[in-house]
2 protein chains.
Amino acid sequence: MTPSPRGDLFDPACPTRRLLDRIGTKWTSMVVKVLAEADPGEVRFADLQRRMPGVSQKMLSVTLRSLTHDGLVARRVEPTVPPKVHYRLTDLGLSLEVPLAALRNWAEENMAAIDRANAEA
Amino acid sequence: MTPSPRGDLFDPACPTRRLLDRIGTKWTSMVVKVLAEADPGEVRFADLQRRMPGVSQKMLSVTLRSLTHDGLVARRVEPTVPPKVHYRLTDLGLSLEVPLAALRNWAEENMAAIDRANAEA
DNA sequence: CGGGATCCGTGGCGATACTG
DNA sequence: CAGTATCGCCACGGATCCCG
């Protein structure tokens with residue numbers, strides 16, 4: 001009784017489209033990768049920013065809020081002054097890392113071929 | 001001697017980012033799926049459009065040109081009047097379908113959980 | 001039939017500055 | 001430290017019109 005059965009890729013609520021709208025956003029997949037490979041599993045905001053060269057505070061904040069909202073990332077606040085906020089992947093987020101890693105592997109193995117195709121054109 | 005070694009996800013030429021920039025575009029993954037599941041392997045332009053409800057001529061054209069440029073899709077023109085143009089996945093395109101299908105499976109199995117998380121918020 | 005060209009709205013995203 | 005607020009650019013993508 002899943003909301004949209006297999007093969008129903010093109011209905012208005014298309015799950016694949018909605019997922020790509022999320023992970024296709026510029027920093028999302030980076031956050032997932034960094035959190036998945038983080039040693040303690042939990043990473044603080046500033047730490048994340050350091051491990052993601054080029055990300056602005058705003059976009060990191062927006063990305064994390066979105067992922068938290070989607071239940072892929074969990075937020076833990078230490079009520080100290082100044083506050084410390086830790087982020088980690090939920091089980092759902094960890095499960096997403098699997099197909100995402102497969103996609104990364106494909107990219108790392110085949111982007112060169114795409115570059116070659118572009119060069120010919 | 002790959003241009004960017006494993007784990008180098010964040011350099012300027014980050015393969016994963018570049019791949020997501022392509023497949024994250026609205027219609028790309030749909031084209032790949034439709035072509036991958038097409039019966040003869042080759043599909044004509046108008047046929048593709050019929051199988052992708054909501055796509056405009058322009059975006060289908062742009063998407064196909066991009067995929068062709070990247071070497072993921074091959075174009076065959078029958079020099080008749082009016083001309084018939086056929087599209088099919090290249091071997092590279094077919095290989096991309098594998099991790100893409102994994103991502104679709106994840107989406108179809110887990111988007112409900114994401115919806116639940118959103119409902120709670 | 002299979003597109004290319006153009007106009008234009010919307011939204012992603014960056015830079016900067018401010019706050020609890 | 002960890003955000004939020006505001007501004008502005010520009011690329012994605014839809015509608016429409018035209019061409020070989």
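Just so it is clear, the structure is predicted and the values come from calculations on it, not from any experiment. What's counted below: heavy atoms across the whole structure, side chains too, no hydrogens, waters or symmetry copies. Chain letters run A, B, ... following the sequence lines, proteins first, then strands; residues in each count from 1.
- Checked by atom type and distance alone, the side chain of B:Thr68 pairs as donor or acceptor with a backbone atom of B:Leu64 at under 3.5 Å.
- When the P atom of D:dA11 is taken as reference, atom CE of B:Met59 falls 14 Å away, rounded to whole Å.
- Distance B:Arg65 CZ to D:dG13 P: 14 Å, rounded to the nearest Å.
- Checking side-chain atoms of A:Thr90 against main-chain N and O of A:Leu72 turns up a donor-acceptor pair under 3.5 Å.
- Residue B:Arg22 contributes atom CZ, which lies 16 Å from atom P of D:dA11 at whole-angstrom precision.
- Residue pairs that meet the salt bridge (charged side-chain N to carboxylate O under 4.0 Å, His left out) test with at least one member in residues 71-93 of chain B, sequence neighbours left out, are B:Glu42-B:Arg76.
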What are the atom names and distances for every N/O pair under 3.5 Å that joins the protein to nucleotides 15-17 of chain D?
none

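- At a threshold of 4.5 Å between non-hydrogen side-chain atoms, the residues A:Phe45 and A:Leu60 count as touching.
- In terms of the side chain to side chain contact (heavy atoms under 4.5 Å, CB included) criterion, residue partners of B:Gln57 (sequence neighbours excluded) are, by chain and number, B:Gln49.
- Rounded to whole Å, the distance from CG on B:Asp21 to P on D:dG13 is 11 Å.
- Proximity of B:Thr25 to the phosphate of D:dG13: a side-chain N or O atom is located under 4.0 Å from OP1 or OP2.
- Remark: A:Asp70 pairs with A:Arg22, B:Asn118 by the side chain to side chain donor-acceptor pair (under 3.5 Å) rule, at least two apart or across chains.
- One interatomic measurement links the two molecules: CD of A:Gln49 to C1' of D:dG3, which rounds to 11 Å at whole-angstrom precision.
- Here CZ of A:Arg17 is found 9.5 Å from CG of A:Leu19. Values are rounded to the nearest 0.5 Å.
- Rounded to a whole Å, the CE atom of B:Met52 is 10 Å from the P atom of D:dG14.
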Show me the side-chain donor-acceptor pairs of residues 96-103 of chain A shorter than 3.5 Å, one per line, residues at least two apart or across chains.
unit_1	atom_1	unit_2	atom_2	d
A:Glu97	OE1	A:Arg104	NH2	3.3
A:Glu97	OE2	A:Arg104	NH1	3.0
A:Glu97	OE2	A:Arg104	NH2	2.7

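- Taking every heavy atom of residues 72-85 of chain B and every atom of DNA chain C, pairs under 4.0 Å involve B:Arg75, B:Pro82, B:Pro83, B:Val85, by number.
- Here A:Ser61 pairs with nothing under the side chain to side chain donor-acceptor pair (under 3.5 Å) rule; sequence neighbours left out.
- Remark: A:Thr28 pairs with A:Thr25, A:Thr63, A:Leu67 by the side chain to side chain contact (heavy atoms under 4.5 Å, CB included) rule, at least two apart or across chains.
- Remark: A:Ala113 engages A:Arg116, B:Leu92 in a side chain to side chain contact (heavy atoms under 4.5 Å, CB included) (not counting sequence neighbours).
- Between the side chain of B:Trp106 and the backbone N or O of A:Ser95 there is at least one donor-acceptor pair closer than 3.5 Å.
- Partners of A:Ser56 under the side chain to side chain donor-acceptor pair (under 3.5 Å) rule, at least two apart in sequence or in another chain, do not exist in this structure.
- An angle of 50°, rounded to 10°, separates the two end axes of the helix from C:dC1-D:dG20 to C:dG20-D:dC1, each defined over five pairs.
- Protein chain A touches strand DNA chain C; the 5'-most and 3'-most nucleotides with an atom under 4.0 angstrom of its non-hydrogen atoms are C:dC13 to C:dG20.
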